[in-house]
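First the structure, in the form of structure tokens, and then the observations on it.
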There are 2 protein chains.
Amino acid sequence: MASPRPGSNMSAIAAALGVSAATVSNALSGKGRVSPELIEKVRAKAIELGYVPSLTARALRTGRTGVLGLVLPDIANPLFPQIAQAIENAASNAGYGVLIADSRGDIATQTEAIGRLLERGVDGMVIVPRRGTRIADIGCPVAVIDTPSTPGNTVSADHWEGGAQMGRHLAELGHAKVLLIGTSISSNVQNDRIGGLKAGLGPDAECETMWIEKVEAVSGEGCPLGLADKAAAGFTAFAAVSDLSALRALTELQRAGIGVPEMVSVTGFDDLIWSPVVTPALTTVRMDMAAIADLAIAALMRAIESEGEPEGDENEVVAGRVTSETDRVPMQLVVRQSTGTANLHASSDARTPNKPTAGELKS
Amino acid sequence: MASPRPGSNMSAIAAALGVSAATVSNALSGKGRVSPELIEKVRAKAIELGYVPSLTARALRTGRTGVLGLVLPDIANPLFPQIAQAIENAASNAGYGVLIADSRGDIATQTEAIGRLLERGVDGMVIVPRRGTRIADIGCPVAVIDTPSTPGNTVSADHWEGGAQMGRHLAELGHAKVLLIGTSISSNVQNDRIGGLKAGLGPDAECETMWIEKVEAVSGEGCPLGLADKAAAGFTAFAAVSDLSALRALTELQRAGIGVPEMVSVTGFDDLIWSPVVTPALTTVRMDMAAIADLAIAALMRAIESEGEPEGDENEVVAGRVTSETDRVPMQLVVRQSTGTANLHASSDARTPNKPTAGELKS
DNA sequence: AGTCTCTGATTAAACGTTTAAGCACGCATA
DNA sequence: TATGCGTGCTTAAACGTTTAATCAGAGACT
């Protein structure tokens, strides 16, 4: 009834060579004591017979499935492709598969999703928590990707420093009255970014923070943010904490006839898919997702490795949550066309786009 | 060495009740012959002991892992979150886990990724092929989500009809000279959408198709598309085949001082995350991803179910690729603010945004 | 009373691997 | 020559299920 797996098993190799299955196992894994010649013969026979090991059987015997769970509490997040790609890549390099769990933003569903992953016997999980949700201690190693200021964080981009880079960039361009735009006031990541922005802009800059969720709670989802009024009130830069908000700001300002970047500058975060192709292309700050994923997976590997050991060095694993020695990865400022010098009273050049610059990146 | 699984196993329940493990299995699965009272006692004991079945052991015995593979050849696709969410949801409703495989746009990597999924013993896979790639016959059931006009397609949105809806919408608004914007000429999905658009616009409409890949091959990535010239040449509507291209068009036009929708209309496809929040909000066509995922998973379930049967009814499974009887799911036109009546010579109202309408959706 | 059938359980094998323990042999050492 | 030891392999058990085969007992029929 069970569909016969393709290829053959160890017994087939063993039979073909007149040895025992255990020897085949040892030969292929290089663990036991097997003569070099036999190892070679086994390897050859394995290839000849198209042997593919049963990960299921191995999992049953060893208790390790070779699978990691990836929990993205807010899968609608446009960052998801980047994260998923980086994690999948790092995990598969480490020989692991990635099982996804979605919780559609709901906390209860998230718990249930984590439960399903546990039932499936994942060896560990990578969790990107939503809005600073604390992850309870579950029965397996967990790597948390949030922000360095979150307790229990394993590794993440240095959001604060990224904000500071952007703040300095704007300050250099002469912006002294800046509107900071975030979506949710309860997001640790966004608060870090805003903190960095303020620090980078310097103490003399006049900053105001707008939380889109609050505005929408009053005026409805997708409502105008009233940015034209802000521009009229003297704000010369709009620094959003996400490229999605930046895009929203950009189009709203353009629509109101306010030229970007001649009259006001607009910046975002994350270098999302549309950022390079909109007009003007968005100046933003990019995470090094590959590096973050590598560190997260590496920390997870260490935790899995040292699991089951008799309470050895306790400095690495605390309550199943792993930490990385380098827990913050630098962000990278990407200067494009949406930022320009501060122009308090925009004049006749308001409609003249600036030319794209040759070197787009600036560390 | 192996980390002891949490909870207990069947033998523990059996021992606690003084029965055999097989009886416990039968009781819980409802398969063998067990007295109703005993079934109840077993259930109670299972809960009491916090029993959680080992899916690994079950997989080893039955040959079914309860895991499906999801292959997204182009994970950078902004549609990915929608797809992943829908598939994960449908699969987990059916009791399946979802293992992701990314191939970063590369064909060789895709083959390798599929291989890894097979090694992991997935029971089936959902594949969203890139640009009409033919999926070779691999050793397990496969559901292909592409477009109805692709041979071997299992289920997908009716892209052609969605294009037709949009075409009719534009025609009703009086647009007779329309620029169709696609990215890749080799995409079946995009060609279907464009075909539908032309049909919906009617034979009298003057259409021109611009392929962004071709333009970029000459002028570089992220280059301007020269849409202002097109507008000057009398095009009153720009119908992109993806919201990403639509966004690119929208910002380029706005930047050039061309009012949307007063002077020209802009439309997209897929209702991506930014579409409702940009100004003006994008008129687009939405896929019913949940329905598509449900049908794909259902087809996959049937194929898995009937697998291993002695070449029975051959009408459902052909060469491992499953087909669904309803293989095309209608798309839904979402009218927002980026479309308006055709205005050949835009006059003084070019800068007056139209008010958001109350009822956003229109079937 | 003897045979048959149905019920409710048990026994045992199987899935494919890993791994601890054991065994036979050759070789060096005492 | 006996003791010890390292080498190269085998045996057997184990992981936790599922499932075919079997079996004891009870009631119904001839």
Side-chain angles (χ1 to χ4, degrees), chain A residues 1-42 45-46 49-67 95 118-121 123 308, chain B residues 1-42 45-46 49-67 95 118-121 123 308:
Chain A
M1 172 154 291
S3 51
R5 295 192 333 106
S8 46
N9 54 18
M10 284 192 163
S11 316
I13 302 181
L17 259 55
V19 298
S20 76
T23 302
V24 175
S25 173
N26 284 330
L28 292 177
S29 69
K31 282 201 168 180
R33 293 181 301 215
V34 190
S35 68
E37 315 91 74
L38 186 47
I39 290 189
E40 214 29 66
K41 287 208 302 192
V42 168
K45 207 66 181 176
L49 296 182
Y51 169 69
V52 30
S54 160
L55 299 187
T56 307
R58 180 177 300 165
L60 178 58
R61 176 63 227 244
T62 63
R64 301 261 181 85
T65 53
V67 172
L118 284 178
E119 281 187 29
R120 287 234 137 70
D123 294 339
Chain B
M1 172 152 292
S3 52
R5 294 193 332 108
S8 44
N9 53 21
M10 284 191 162
S11 316
I13 302 180
L17 259 56
V19 298
S20 77
T23 303
V24 174
S25 174
N26 283 330
L28 292 177
S29 69
K31 283 204 165 178
R33 293 182 300 213
V34 190
S35 68
E37 315 90 74
L38 186 48
I39 289 188
E40 215 28 68
K41 287 207 306 192
V42 169
K45 207 65 180 176
L49 295 182
Y51 168 69
V52 30
S54 160
L55 300 188
T56 306
R58 179 176 301 166
L60 179 57
R61 176 62 228 243
T62 62
R64 302 262 182 85
T65 53
V67 173
L118 283 178
E119 280 187 31
R120 288 234 135 69
D123 294 339

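If you're wondering where the values come from, they're calculated on a predicted model, not measured in any experiment. The sequence lines fix the lettering, A, B, ..., with proteins before strands; numbering per chain opens at 1. Note that these values count all heavy atoms, side chains included, but never hydrogens, waters or copies made by symmetry.
- Residues forming a side chain to side chain donor-acceptor pair (under 3.5 Å) with B:T23 (at least two apart in sequence, or on another chain): B:S20.
- For residues 12-27 of chain A, proximity to DNA chain D is found at A:G18, A:V19, A:S20, A:A22, A:T23, defined as any non-hydrogen atom under 4.0 angstrom from a strand atom.
- Whole-Å rounding puts the A:R120 CZ to D:dG16 P distance at 18 Å.
- For B:R58, taking side-chain heavy atoms from C-beta onward, the closest of the listed nucleotides C:dT17, C:dG16, D:dT17 is D:dT17.
- Atoms CZ (B:R61) and C1' (D:dT19) sit 5 Å apart, rounded to a whole Å.
- A pairwise comparison of heavy atoms in B:G95 and A:R120 identifies O-NH2, 3.1 Å as the closest pair.
- Proximity of residues 30-42 of chain A to DNA chain D (heavy atom under 4.0 angstrom from any strand atom) is restricted to A:R33, A:V34, A:S35, A:L38.
- The two atoms that bring A:S25 and A:M10 nearest to each other are CA-CE, 3.5 Å, heavy atoms only.
- In this structure, A:E119 places its CD atom 16 Å from P of D:dG16, rounding to the nearest Å.
- Closest non-hydrogen pair, B:L28 versus B:Y51, comes out as CD1-CE2, 3.7 Å.
- The distance from the CD atom of A:E119 to the OG atom of B:S54 is 11.0 Å, given to the nearest 0.5 Å.
- Summarising the geometry, the separation between CZ on B:R64 and P on D:dT17 is reported as 19 Å, rounded to the nearest angstrom.
- Look at CG on B:L28: it is 12 Å from C1' on D:dT18, rounded to the nearest Å.
- The two residues B:P53 and B:R58 come nearest to each other via the heavy atoms CB-NH2, 3.5 Å.
- A:M10 has its CE atom 17 Å from the P atom of D:dT11, to the nearest Å.
- Partners of A:D123 by side chain to side chain donor-acceptor pair (under 3.5 Å), not counting sequence neighbours, listed by chain and number: A:T65.
- Between B:A27 and B:I39, the shortest heavy-atom contact is O-CG2, 4.0 Å.
- Sequence neighbours left out, the pairs with a member in residues 28-41 of chain A that pass salt bridge (charged side-chain N to carboxylate O under 4.0 Å, His left out) are A:E40-A:R43.
- Atom pair A:L49:CG and C:dG16:P shows a separation of 14 Å (rounding to whole Å applied).
- One can place CG of B:L60 at 8 Å from C1' of C:dT17, the figure rounded to the nearest angstrom.
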